[in-house]
Every structure is written in structure tokens, then in C-alpha cells.
Amino acid sequence: MDYLDTLNEAQRTAVTAPPGPVLVLAGPGSGKTRVLTHRIVYLIRELNVSPWHILAVTFTNKAAKEMRQRVEEMMDGRLRGLTMGTFHSVCARILRRETDNLTWYDRDFVIFDTADQQQVVKQALKDLNLDDKKFPPRKMLNGISNAKNELITPDLYQATNYIATVTQRVYEQYQKVLHNNNAMDFDDLLMNVVLLFDERPDILAKYQQQFQHILVDEFQDTNTAQYAMIKRLAAAHNNILVVGDSDQSIYKWRGADYRNINRFRKHYPGAQQILLEQNYRSTQLILDASKAVIQHNPNRVHKDLFTERQGGDPIVLREAYNDWEEADTVVSMIQSLLLDGYAPNDFAVMYRTNAQSRALEEAFVRANMPYRLVGATQFYKRREVKDLIAYLRLVHNPLDSVSYGRIVNVPTRGIGAKSKEKLQQWAVSQGLSPAEAHIMLAIDPDVQHPFNGRAFNALSRFGALLDAWTTLRETASVGELMDAILEQTGYRDYINDGTEEGEDRWANVMELRSVAAEDTAVTLSEFLEQVALVAEADNVDAAVNASTLLTLHAAKGLEFPVVFITGLEDGILPHSRSFDDIESMAEERRLFYVGMTRAKDRLYLSHAFRRAVWGEPEVMVPSRFLNDIPAHLLDGVGTQKRREQTKSRASSWSWSGSQTTSRTTPSRRSAPQRTARKANAVPTTRRAMPEPNYQKSDFEPPRPETAVPHYKTGQKVRHVKFGDGIVIESKPTGNDAEVTVAFSDVGLKRLAASFAKLEIIDN
DNA sequence: GGATCTCATGTTTTT
DNA sequence: CATGAGATCC
């Protein structure tokens, strides 16, 4: 078999494993995608399995698409009926097919995203007369989502304290609101499939019969609901192959549990286990450094990654003065590497939080370098895009009161709060959804209603539009429907107000329009589903010749010749929210590990001396993870030395230029590089830019930190008069620092550091 | 009824 | 600092 020749022994063992449960533990870059694609080909060719009987679940839609392409190439295009996609999209497809068997939903159900969910929670709180200040929707949603991921329905919810009791009630009401809207949230897609399978053995049997061979990628990031689903599906034939790496589990906060790997072992004691340790991506040096970092996690299965790419360039570790300088250093490094023959799309710049992309973007723009941004202000979350989608959803599903609420009066059409409320009441009394009520007003001349002339006109006019679009939907394509909506609502004039931002917003609308135009045959239902389930990483288009800016999370599964990981500071990369929990800290470490192992040839690590985490810049401590990289793998000096260098550079900036350069009137950004036509390929929201001829002196002049001792949160200090206390907060103010101390005797005091002469007695 | 302003509030990661 | 809610003004 020629296609098996290209595999190493472990890979071949996995690919040709006899049917049955198989667990593949695959280190980064060990060719797990190859294993999956070859396995599918093997099943079809060698074992005569029909593609119809295969289900392959991937982490992103993009991964699914690529995998399908590869398989098709290897098979010369002979695979109809193969099911491949993310858990969410596979579940959506199943539920769509089974709507007749669902209690609460009909065929046109829509998928609500996070923003919609927020609205639903608010509605639920209102229905229950609960104060959304006391019970923040975000928190409520969290509790609900966690429950759903654990397959806990409202009536199974065990409330052990007051807040949980409230959560349960909100959860119950939340589900009711969703049902009324004919809508599911992301978690429902998973949970409802499992519930359906449990309720209807006949339906489960049907899918067991179809999916006789199941393959799951990124198994370490499955949650309870996902695992429950595949376990049920596999129960009849036991042909299940999962690929995962617990060291790359980074979605615990979303309910993922890498312990599913252990559960799998327990549940299938006879499972064949294969370890993929040969890495085909990175240099040995990068692997050694990554291994040194991940080794510090407790309770892991040891893997001995190796590669034939011996040696490699040392990892470069640098400290920058602040986030600005860090970004500039990254960009100029890229520029010099470009001269060495690298292409712009060979580079990726990674960071922990989306907010960090800003300084980087600006540096790229200043340098006139092409870049593309993954995530951040996502295309599908933009106001104008959401508006248009809300219109489409409402036409598709008139029960969707969330979408209705979003656009009843956008653009404004004389339907204010009073009218809205009155209509709401009237709709309820008529047993109609708000949208249906509008339509009723428009088409039934004899209808009894409580509205005065002006309000009636506005309300029924909107109803007439809805009615017309609903009719149009039957015959027109999605694109044509969009055109009609945009035209008849005057949306263009509303959004395109002559400002640059307005222009951008309109461009985004047209972008969405062109997505619909790509496939004229797509139904409204399909289009909406597609749009609801796009993943961050789906928009990483390798064909674009630009450097990639992305979060460490979004980097999973990708690889780049040169990787920069920025913001390696305590509080950022281990994120401050993970300090007090061992498991979260371990996950932060895995996140760093995932980032490092994306690099093929070169890895650059950086941290900043000062960074504005929120408002005022603070002095940062280099990430604790950096200490775990052996010095001989690094091109860089020790922590102390780095900081001294930063300080000496910093002091040279303070005298290098005048302080008069104005930063108060940001100029408009020069023509942005449209590196791609794709959705969020290039940030479209303009941001205030610094003077283009900026110079080093524009950096905030560093403060003479020397005189004032630096206090850290949590330090025990002694004051001559107030006695002993603990530092609550310390923030720089001009040449000084303002320290907030909780004294055991006199309580909270705010002190000027230079004045108070606090004695540090313990860290 | 609608637009604009101010104030407060809260910030990880995303299907 | 960015978004959202509430108040105020038109």
C-alpha cells in the first residue's frame, strides 16, 4: 500500500489497527492529522467500509474541511456520505434531521450565540422578577453552561446554596425562553442530542447503525456531553478511535476535561494504545525547551518527543520596556528575517489575551507590514453584521424575539419603548410572537388593536416589511433577500454616515453579502447555521501572505516556521485568574507549551518591563514559566541582566528627544493593508493611531524608580506609627507610588511610598 | 420619541 | 479603556 509507506511505525500501527477501540496519544507535531486521514482511507479501501458509516469529529470546521480534502485527494474523490465536522455542527445536523422528534423545536430552530444568550438570561431574570445587578447575567450563564456541559437539566440541578437555587430557577426559565424562541444555544446542541438518544433508543440505534466507525480528534478537549454522545454512538460497534494529548488540553473553562482520556481507558479496557512521539515539526532544541516547560506539570503521562531535526537556533528571549517596544521589536525582527528569505506568512505572533493584539497591530501598521488578526473583534460579532443576521433570523424564524428586539427599531422607524411594550403585551394576549403581531397588524384590516394612529402606522409598516420578506424568502436566494432587507430598511444610509467608520461598517455588511453570494444555492437555514458555528481558527487562511496575530488558544493545531510569544509576564501568561488554583495554573503552562510547540524553526519569547494591564502601567514580573527553560537553550541573558539592560535603554530614551511631540491629535491611519478579503482577515475598525513619525521619545518617559522602594501586593510591611499591615495595592504616581495598606490596628490607609517609609518585613 | 451625553462598571481563553 | 445603562436634552 503506497499510502502506508509514508507513515512511521507507530502511525502505521494506529492506521491499520483492527476495528475496535483505539487510543492514540499524540504529541505535538507527531502527525495525528495524517493518522486520521490515512485511517479513514484505510477503512474505506482496505476494510471496505462505506463512507456513509464513518463519523469524524474535529475541533474546527477548517480542520474538517482540510481533512476531507486530503482524504478526497487520496481517494480520488470517491467519498459520498462521509460525516465530518465539529461536535457542534454534527449535532446541529442530527437535531435538524430529527426536529420531528423534538418536543420543543421545529425545523426552523436557530442557534443563539453568546450575545443572544445574554439577552435570554436578562429576559429570564425579568420574568422571575430578579435583579440583574444582584445576579449578573454572565455569572448565571456560566452556571447554566456548566450544568449543560455536564448534562444536568434544570430539574436535576442540585442547589446547595442560595445562589445555586437562584441559578436553578433562572436556568429553568432560561430554557423556557429558548423554547419560546425556537432557539438553542451552543450547549443545547450537544446536550439535546444526548437527551434525545437517551429518550429514544430507536433513534440512537439508527445513528449507531449509520456511524459504525467513529474518529475523534483533540479528544483531550472534549467535555462530558461530547464524550457521552460518542460513547452512546459507539456502544453498538465499539469501533472508536480517539486522538489526543493531555498536555495540550486548554479548554477546561469550557467544560473540557482531559480526564476523558482516562475514562476512555477504563471504559474500553481492551483498547489498543499507541503513543506517537516522533515530531515532524520543530527542531530538537525547541522540543527540549518545550519539554522542560511541560515537565513541571503534575500527574502527566511522560512522552519522549524526539525529532530528526537535530540542533536548531537557540530560543531568543528578550525584555522590552513596554508593550509598545515589545511590538516594535517583534515587527523589526520580522523585517530582518524577511531579508533572510522568510515570507510574511511564515510568522505568527501569539499572546494570552485578545487585548494584547492592539499594540502589535499598531506596530504592523506603522511599519506598513501586512498582518491578519484572528479573533479579537470578530467579524460575526460586529454590530452591523449582527443586525443583518438578526433580520435574516427573524424572517427565518418569527418566534425569535431576541433578534426581533435587536432590530425592531434599527434603523429607527418610530417604534419607541412605549410602543414596544404595548405591542409586547398585545402580542402575548393574542398568543403571537412580536414579529407575528406586527404582521397581523399589517395584513388583517379588521384586527382589533389598542394602538393610536401614529403608533399603528409605524408598527404595521414594519409588519408589512416582514411579511414581504417572508414571501420573498420562498423564491429568492439568501443574497437577494439580504439586498431586499438592506434596500427597504434604508440600512445603508443608516450605517454609512459619511465617517470612515461608517464606511468600514458598510464594507462589513457587503462582506457578509459576498459570503452569501459564494453559494447561491445555500438555503437560509443552512446559511444561518454556518454563520452561527464558525470558529475563530476557521478564518486562518494560509493562502494570505501576511503574518498572523492570534491568541494562544486559537493557535492550537497550527504551525509556523517562526513563532513569537509575547507578554510572558506573571499575571498575563500565567493569567492572574489562575494563581490560586493548581489545575488552572497547569492549564496556563499547557497553553505556553502549545504555543512553543507551534514553532518549526525559530522561537522568540518576550516580556515587558512595564505594561498597562488596565489604565496605569505597572511593573511586571517575568513569567515564572521562563525559569523552566534551561539557559543553554536560550539566546538571552538572565532575568536580572535583562532588566538592567531595559533600564539603561529606557534612560537613554528619556533624553533622546523633546517631550513636545503631540500625541493628542491622532492622525488617521494610512491606507490599511487589505491583506485579505476574508471576513476578519484585517481589522476593519479603525483605531486612533499615534503620529506616524513617532520616535522613541514618544514612549512614556520612564520614571526614576530608583529612589522609591517597590511594594508588592501581599507584602507584609511595618509603619512607624500605624504598625504592621499588608499591602493591598501599589500603583505608580508620577515619581512616587501610592500604596494601599491594610493595617491590623488602624485599617485601610493610602500612603505615598516615598513618604511613608514602610519597612518590608515579609514577602 | 429619539439622540446624545455621562457615569459606572468590569476585563481570559470561545463553540 | 470600552462597552452599556441611565439621564438629560432636543
Side-chain angles (χ1 to χ4, degrees), chain A residues 57-64 85-92 111-119 122 132-133 136-139 141-142 145 148-149 184-191 218 221-223 225-226 249-256 350-358 374-378 380-381 383 409-421 452 454-455 458 494 497 529-539 550-556 567 571-579 584 587-588 590-592 594-595 612-617 685 687-688:
Chain A
V57 189
T58 57
F59 199 69
T60 62
N61 295 300
K62 180 170 161 260
T86 63
F87 270 105
H88 291 273
S89 67
V90 169
C91 289
I111 298 164
F112 274 4
D113 69 13
T114 325
D116 304 322
Q117 292 182 53
Q118 206 93 221
Q119 293 305 116
K122 280 186 190 159
D132 61 359
K133 298 251 162 48
R138 273 185 58 104
K139 293 246 169 69
L141 216 41
N142 243 320
S145 176
K148 287 184 178 179
N149 286 330
M184 294 192 200
D185 65 19
F186 292 130
D187 305 315
D188 280 334
L189 295 173
L190 309 172
M191 183 172 77
E218 308 280 11
D221 279 322
T222 52
N223 63 32
Q226 291 166 333
S249 167
I250 54 174
Y251 283 96
K252 176 181 146 68
W253 49 274
R254 213 167 78 186
M350 303 176 185
Y351 35 81
R352 174 69 234 264
T353 66
N354 279 308
Q356 291 167 254
S357 70
R358 188 194 174 134
V374 180
T377 26
Q378 294 166 319
Y380 287 105
K381 289 203 175 122
R383 173 158 64 89
N409 205 27
V410 175
T412 50
R413 50 173 73 87
I415 303 175
K418 283 243 173 64
S419 300
K420 260 188 253 182
E421 183 138 339
N452 64 32
R454 215 168 97 178
Y494 163 71
D497 54 4
E529 187 164 308
Q530 212 176 292
V531 156
L533 297 179
V534 278
E536 282 297 331
D538 288 343
N539 294 313
L550 75 181
T551 63
L552 288 160
H553 281 92
K556 187 164 86 151
I572 306 276
L573 193 41
H575 194 270
S576 50
R577 296 276 292 241
S578 56
F579 280 169
S584 316
E587 181 146 314
E588 296 291 306
R590 292 194 289 268
L591 203 44
F592 186 34
V594 166
V613 180
W614 143 91
E616 283 286 294
T685 311
R687 287 171 168 153

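Here is the naming used below: chain letters follow the sequence lines, and residue numbers restart at 1 for every chain.
Under the 4.5 Å side-chain criterion, counting only non-hydrogen atoms from C-beta, A:R590 is in contact with A:S249. By the 4.5 Å heavy-atom criterion applied to side chains, A:F186 and A:R254 are not counted as neighbours. With a 4.5 Å cut-off on side-chain heavy atoms, A:Y351 and A:I572 do not count as touching.
Taking atom P on both nucleotides, B:dT13 is separated from C:dG4 by 16 Å, rounded to a whole Å.
Proximity note for A:K418 (side chain, C-beta onward) versus B:dT14, B:dT15, B:dG1: the nearest is B:dG1. Of all nucleotides listed (B:dG1, B:dT12, B:dT15), B:dT15 comes nearest to the side chain of A:T114.
Where stacking is scored as ring centres under 5.5 Å apart with planes under 30°, A:W253 registers as stacked on the base of B:dT13.
Contact annotation for A:L552: no contact, since no heavy-atom pair falls under 4.0 Å across all strands. A:N409 comes within contact range of the sugar-phosphate backbone alone, with a heavy-atom separation under 4.0 Å but no base atom that close. At a threshold of 4.0 angstrom between heavy atoms, the contacts of A:S419 are confined to the sugar-phosphate backbone, with no base atom among them.
Side chain to side chain, A:T353 and A:Q356 meet the donor-acceptor criterion of an N or O pair below 3.5 Å.
Across all non-hydrogen atoms, the minimal contact from A:H575 to A:E588 is N-OE1, 2.9 Å. Between A:H553 and A:I250 the shortest heavy-atom distance is NE2-O, 3.1 Å.
Taking atom CG on A:L573 and atom P on B:dT12, their separation rounds to 15 Å, with Å as the unit. Per the geometry, NZ belonging to A:K252 stands 18 Å off C1' belonging to B:dT15, to the nearest Å. Taking atom CZ on A:F112 and atom C1' on B:dT15, their separation rounds to 16 Å, with Å as the unit. Between the CZ atom of A:F592 and the P atom of B:dT13 there is a distance of 19 Å, given to the nearest Å. Distance A:L550 CG to B:dT12 C1': 15 Å, rounded to the nearest Å. Atom CG of A:L591 and atom P of B:dT14 are 10 Å apart (whole Å). One atom, CG of A:N354, and another, P of C:dT3, lie 13 Å apart when rounded to the nearest Å. Between the NE2 atom of A:H88 and the P atom of B:dT14 there is a distance of 14 Å, rounded to whole Å.
Under 4.0 angstrom from either OP1 or OP2 of C:dA2 there lies at least one side-chain N or O belonging to A:R358.
With sequence neighbours excluded, the residues that form a salt bridge (charged side-chain N to carboxylate O under 4.0 Å, His left out) with A:E218 are A:K32, A:K556.
Annotation: of the two residues near DNA chain B, A:S578 and A:G414, the 5′-most nearest-nucleotide partner is A:G414. If A:A455 and A:A532 are placed on DNA chain B by their nearest nucleotide, the residue sitting closer to the 5' end is A:A455.
For the pair A:N149 (side chain) and A:D187 (backbone), a donor-acceptor distance under 3.5 Å is absent. Using modelled atom types, one side-chain atom of A:Q226 and one backbone atom of A:N223 make a donor-acceptor pair closer than 3.5 Å. Looking at A:N409, its side chain does come within 3.5 Å of a backbone N or O of A:I415 through a donor-acceptor pair.
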Base versus backbone protein contacts along nucleotides 3-11 of chain B [heavy-atom cut-off under 4.0 Å; B, S, -]:
S------BB
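At a cut-off of 3.5 angstrom, counting only N and O atoms as typed in the model, there is a donor on one side and an acceptor on the other between the side-chain of A:R352 and the base of B:dT13.
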Close N or O pairs between protein and nucleotides 4-6 of chain C (under 3.5 Å):
residue, atom, partner, partner atom, Å
C:dA5, OP1, A:K122, NZ, 2.8

